[in-house]
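To start, the structure under review is shown below, and the notes come after it.
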Amino acid sequence: MIAEFAIFSGIGSVIQDAFIALIPLSIFFILFQILYLKLPTGHVINLFKGILFTLIGMVLFLQGVHIAFIPAGNSIGTFFSTIGKAWMLIPFGFFLGMLATYAEPAVRILCYEIEKSSSGFIKGKLILYTLSLGVGIAVAIGMARIVYGFSFLPIIITGYAIAILLLWLSDRDFVGIAFDSGGVATGPMAVTFLMALAVGAAAGIEGRDPVIDGFGLIALIALAPILSILILGIIFRIKKVKTS
């Protein structure tokens with residue numbers, strides 16, 4: 001019985017946060033509706049139904065994050081680092097990075113829109129697999145940084161320098177997609193679970209600081225899709241040259 005009620009632990013503050021997030025947006029819409037939009041009553045009712053569903057979804061998701069994702073990520077990271085096999089965090093991070101990206105709703109929407117906008121020329125599945133692989137590699141590098149303690153700054157500077165170089169080499173169709181992918185991949189799945197995993201791993205390894213070493217993984221996750229999609233754009237550009 002206690003375990004059943006544990007899932008509602010702290011839900012009051014979650015509901016409060018959801019209301020605080022949505023109330024300004026609702027007020028903004030109401031003002032525009034009164035002053036400018038003058039939409040039919042049916043549209044307004046549907047909008048507020050959508051806001052209600054969004055509120056319920058936000059509460060359920062954020063509560064799940066607090067009682068499941070973050071504790072699980074911390075526990076897994078701490079487990080591998082305390083059993084004396086911290087190196088296992090690297091392949092495990094790669095695997096989880098791929099799965100988190102594959103399951104990310106925003107990534108799937110992006111892939112659908114890309115395939116639709118390109119009339120099927122760029123397959124959504126190809127983008128999905130490319131992003132998943134890129135993020136998996138980025139998480140593995142992030143875990144290696146925590147395990148072996150090398151600096152974060154050279155990785156991120158080198159990564160963006162390579163991205164700037166790839167801009168000139170990649171097919172132009174992929175440039176905008178690449179930079180949008182960076183924001184989409186850092187969605188709730190990556191931020192809530194993988195960041196908790198990194199902080200938990202850093203907390204369990206002797207000589208590592210959870211604040212200094214545990215954070216920064218999301219920056220790598222944001223960079224990985226940019227590089228992977230730009231590389232995919234280079235492959236498409238080469239194919240175009242060969243077929244022309």
Side-chain angles (χ1 to χ4, degrees), residues 1-33 42-82 89 92-93 95-110 112 131-132 135 138-139 142-143 146 182-204 208-222:
M1 191 70 174
I2 296 174
E4 291 178 4
F5 284 103
I7 64 173
F8 298 108
S9 175
I11 196 170
S13 61
V14 171
I15 294 173
Q16 181 181 351
D17 290 342
F19 268 106
I20 291 172
L22 290 176
I23 285 175
L25 183 63
S26 302
I27 293 173
F28 181 80
F29 171 76
I30 291 170
L31 289 175
F32 262 74
Q33 169 65 13
H43 286 216
V44 177
I45 292 172
N46 286 336
L47 176 77
F48 279 99
K49 285 180 181 177
I51 291 175
L52 177 61
F53 287 135
T54 302
L55 175 66
I56 295 170
M58 284 181 66
V59 170
L60 293 175
F61 176 76
L62 291 174
Q63 183 65 7
V65 165
H66 287 301
I67 68 171
F69 273 22
I70 291 177
N74 271 301
S75 299
I76 292 170
T78 304
F79 169 76
F80 278 114
S81 56
T82 53
L89 282 166
F92 192 73
F95 181 69
L96 282 183
M98 288 190 64
L99 285 184
T101 307
Y102 190 80
E104 185 68 61
V107 170
R108 290 184 171 270
I109 292 171
L110 175 72
Y112 169 78
L131 291 177
S132 299
V135 172
V139 176
M143 291 296 110
I146 294 171
V184 168
T186 53
M189 294 294 291
V191 173
T192 55
F193 191 72
L194 297 176
M195 185 169 65
L197 176 69
V199 173
R208 300 289 180 267
D209 187 328
V211 175
I212 296 174
D213 300 304
F215 292 92
L217 180 65
I218 304 305
L220 287 175
I221 294 174

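The figures here come from the full heavy-atom set of this structure, side chains too, leaving out hydrogens, waters and symmetry mates. Position 1 is the first residue of the sequence, and the numbers go up from there.
- With sequence neighbours excluded, the residues forming a side chain to side chain contact (heavy atoms under 4.5 Å, CB included) with Phe29 are Gln33, Leu37, Leu39, Val44, Leu47, Phe48, listed by chain and number.
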Decide yes or no on side-chain contact (heavy atoms from CB on, under 4.5 Å) for Ile51 and Leu55, but give the supporting numbers first. CA-CA 6 Å; Ile51 291 175; Leu55 175 66; 5.5 Å; no
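- For Ile56, the side chain to side chain contact (heavy atoms under 4.5 Å, CB included) partners two or more places apart in sequence, or in a different chain, are Leu52, Leu60.
- Under the ring-ring contact (aromatic ring centres under 6.0 Å, His included) criterion, Tyr102 pairs with no residue at all, not counting sequence neighbours.
- The CG atom of Leu22 lies 11.0 Å from the CD1 atom of Ile27; values are rounded to the nearest 0.5 Å.
- Under the rule for a side chain to side chain contact (heavy atoms under 4.5 Å, CB included), the partners of Asn46 that lie at least two apart in sequence or sit in another chain are Lys49.
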Please evaluate residues Leu131 and Glu104 with respect to the criterion side-chain contact (heavy atoms from CB on, under 4.5 Å), reporting the C-alpha separation (whole Å), side-chain torsions for both, the decisive distance (0.1 Å), and the verdict. CA-CA 11 Å; Leu131 291 177; Glu104 185 68 61; over 6 Å; no
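- Arg208 and Asp213 make their closest contact through CA-OD2, 3.3 Å (heavy atoms, listed as atom of the first residue, atom of the second, distance).
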Under 3.5 Å donor-acceptor pairs involving side-chain atoms of residues 185-202, not counting sequence neighbours:
residue, atom, partner, partner atom, Å
Thr186, OG1, Gly182, O, 3.4
Thr186, OG1, Gly183, O, 2.9
Thr192, OG1, Pro188, O, 2.4

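- Residues satisfying the ring-ring contact (aromatic ring centres under 6.0 Å, His included) criterion with Phe28, sequence neighbours excluded, are Phe32.
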Let me check something: any side-chain donor-acceptor pairs from residues 61-71 under 3.5 Å, sequence neighbours excluded? List them with distances.
residue, atom, partner, partner atom, Å
Gln63, NE2, Ile7, O, 2.6
Gln63, NE2, Ser9, O, 2.9

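- By the side chain to side chain contact (heavy atoms under 4.5 Å, CB included) test, Ile15 pairs with Ile11, Phe19, Val59, sequence neighbours left out.
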